[in-house]
Amino acid sequence: MFNYLKTTIIAKIVMAITGLIIVAFLFGHSAGNLQYLLGQDVYNNYAALLQWNKEVLWIIRGTLIISVVLHIISAVYLRLYNNAAKPVKYQVKKYVKAKVTSRTMMWTGLLILAGITYHILHFTAGKIDFEGGYDSQEVFATGGYAVQASEMRFKNVEELQVNAYPVFEERHDVYNMVAKEFANPLVALSYIVFVALVMFHLNHAIQSAVHTIGIQGPKLTPCLQKLSVALSTLLFLMFIVLPVYCVLGLAGTCMGGGC
């Protein structure tokens, strides 16, 4: 499986492609998180749908896990290869074009790996709990659709179907769990710092990955550098919406119905 490591060029391409896959996942994940602004029912149903489509969920998880593993292995290999190629350290280092983002890729990558582990244990596995976890949320089956008690105001099935979703015997109240956790300023701040590290890493990583797969040129490179900064900044802003929204006590405010 790791025979590709015999060639540094292939290792760079693997690291670039897996990196872009991870970036695509991050944008999809952050876009899903933004459904939080639409209210409790919408967000809890989004979480339930992810668990309901287990085949799709595990395909995504499997692709992500493989990408992360190959990305890390390729990065470590290339770092060791570069160090071996320069066994004697320079007495004086002068960085002409290399920015701090490019010089610290390995360190920010390690910090991000630690942050991802913490994030999975906290929100996905529920092994780290600051505010008492979350409870199951009752739903009521009506005409093949699941609705909450607050939605029983609909007068007929046709009107109900507009706001209906697949029947789930039980939904976790992920909305309130997120609200409780991010209401803790330390939790919210740690999450924002983690996302800032991701943005710092991607600031260089995106343009580097695109260059590696062959998209480059004298006129194109400056545009790609700006695009990399713009995308990493956008991702940062998309991810910090939830902690900022919750720490300010805005969770529960109706912004799209279903609160």
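Values below: every heavy atom of this structure, side chains too, minus hydrogens, waters and symmetry copies.
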Could you name each residue pair satisfying side chain to side chain donor-acceptor pair (under 3.5 Å) that touches residues 14-29, not counting sequence neighbours? Thr18-His71

Can you measure from CD1 (Ile192) to CG (Leu242) and round to the nearest 0.5 angstrom? 10.5 Å

Under the 3.5 angstrom rule, does the side chain of Asn44 hit a backbone N or O of Asp173 as a donor-acceptor pair? no

Path from Val187 to Ile116 over hydrophobic side-chain contacts below 4.5 Å: yes

Taking only residues two or more places apart in sequence or in another chain, which ones pass side chain to side chain contact (heavy atoms under 4.5 Å, CB included) with Ala47? Val174

Check whether any side-chain N or O of Gln216 sits under 3.5 Å from a backbone N or O of His211 as a donor-acceptor pair, and report yes or no. yes

Residues Ala179 and Ala251: closest non-hydrogen pair is CB-CB, 3.7 Å

Nearest atoms (heavy-atom pairs only) where Ile21 meets Ser67: CG2-OG, 3.5 Å

Residues Pro218 and Pro222: closest non-hydrogen pair is O-CD, 3.3 Å

Val193: partners by side chain to side chain contact (heavy atoms under 4.5 Å, CB included), with sequence neighbours left out: Leu189

Do Phe239 and Val198 come close enough that some side-chain heavy atom pair is under 4.5 Å? no

Residues Leu227, Ile206; criterion side chain to side chain contact (heavy atoms under 4.5 Å, CB included); working and verdict: CA-CA 9 Å; Leu227 178 63; Ile206 294 176; 5.9 Å; no

Residue list, side chain to side chain contact (heavy atoms under 4.5 Å, CB included) with Leu113, at least two apart or on another chain: Ile72

Does any part of the side chain of Val42, heavy atoms only, come nearer than 4.5 Å to the side chain of Tyr36, both counted from C-beta? no

Hey, can you tell me if Phe182 and Tyr191 have their rings parallel, tilted or perpendicular (30° and 60° cut-offs)? perpendicular

When you measure from the side chain of Ser228 to the backbone of Leu224, do you find a donor-acceptor pair of N or O atoms at a distance under 3.5 Å? no

Return yes if some donor-acceptor pair links the side-chain N/O of Tyr245 with the main-chain N/O of Leu250 below 3.5 Å, else return no. yes

Side chain proximity check, Leu78 to Lys12, heavy atoms < 4.5 angstrom: yes

Can you find a pair of side-chain heavy atoms, one from Val241 and one from Leu37, that are under 4.5 Å apart? yes

Where do Tyr43 and Gly32 come nearest, in terms of heavy atoms and distance? CE1-O, 4.0 Å

Backbone of Val229 reached by a side-chain donor or acceptor of Thr233 within 3.5 Å: yes

Sorted by chain and residue number, the ring pair (Phe, Tyr, Trp, His ring centres under 6.0 Å) partners of Phe236 (sequence neighbours excluded) come out as none

Check whether any side-chain heavy atom of Leu64 sits under 4.5 Å from a side-chain heavy atom of Val68, and report yes or no. yes

Which residues share a ring pair (Phe, Tyr, Trp, His ring centres under 6.0 Å) with Phe27, sequence neighbours left out: none

Do Ser232 side-chain atoms and Phe200 backbone N/O form a donor-acceptor pair below 3.5 Å? no

Side-chain touch Asn176/Gln40, heavy atoms, less than 4.5 angstrom: yes

Residues, nucleotides or ligands: over 12 heavy atoms within 6.0 Å of Leu80 CG: yes

With a 4.5 Å limit on heavy-atom distance, are the side chains of Thr63 and Phe25 in contact? no

When you measure from the side chain of Tyr46 to the backbone of Gln35, do you find a donor-acceptor pair of N or O atoms at a distance under 3.5 Å? no

